[in-house]
Amino acid sequence: MATGADPRSSAGTLGHAPRRYRNALDGLWHTQITQGEAYVSAEEHEVVTTILGSCVAACIRDPVVRIGGMNHFL
């Protein structure tokens with residue numbers, strides 16, 4: 001599970017935080033969201049991932065405000 005929390009990030013819609021960890025290989029925060037979750041962050045050096053089957057994920061980033069996110073819905 002997560003090894004730390006970033007106050008600039010928000011959790012998913014299922015009432016629990018997505019799986020978040022610092023990757024030892026690249027030193028970046030990696031956040032993995034699952035079905036029904038959404039995640040928004042202002043962290044510059046963060047990788048947000050998901051695994052898709054028949055689902056849809058939408059990613060969006062605002063370069064002016066410097067915030068981005070992803071949702072994963074069925």
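Computation of the quantities below employed the complete heavy-atom set of this structure, encompassing side-chain atoms and omitting hydrogens, waters and symmetry-equivalent molecules. For this chain, numbers begin at 1 and follow the sequence in order.
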Do the non-hydrogen side-chain atoms of Trp29 and Arg20 ever get within less than 4.5 Å of each other? yes
What one should report as the nearest heavy-atom pair of Thr50 and Ile33 is OG1-O, 3.0 Å
Beyond-backbone contact of His72 with Gln35, side-chain heavy atoms, under 4.5 angstrom: yes
Any side-chain heavy-atom pair of Leu28 and Glu46 under 4.5 Å: no
Least distance between heavy atoms, Val48 atom then Met70 atom: O-CE, 3.5 Å
Could you verify whether a donor N or O on one side chain and an acceptor N or O on the other, from Tyr39 and Gln32, lie under 3.5 Å apart? no
Sequence neighbours left out, what passes side-chain contact (heavy atoms from CB on, under 4.5 Å) with Val65? Give chain and number order. Asp62, Ile67
Are there over 12 heavy-atom neighbours, none belonging to Arg66, within less than 6.0 Å of that residue's CZ? no
Solution key, residues 51-59 side-chain donor-acceptor pairs under 3.5 Å, sequence neighbours excluded:
none

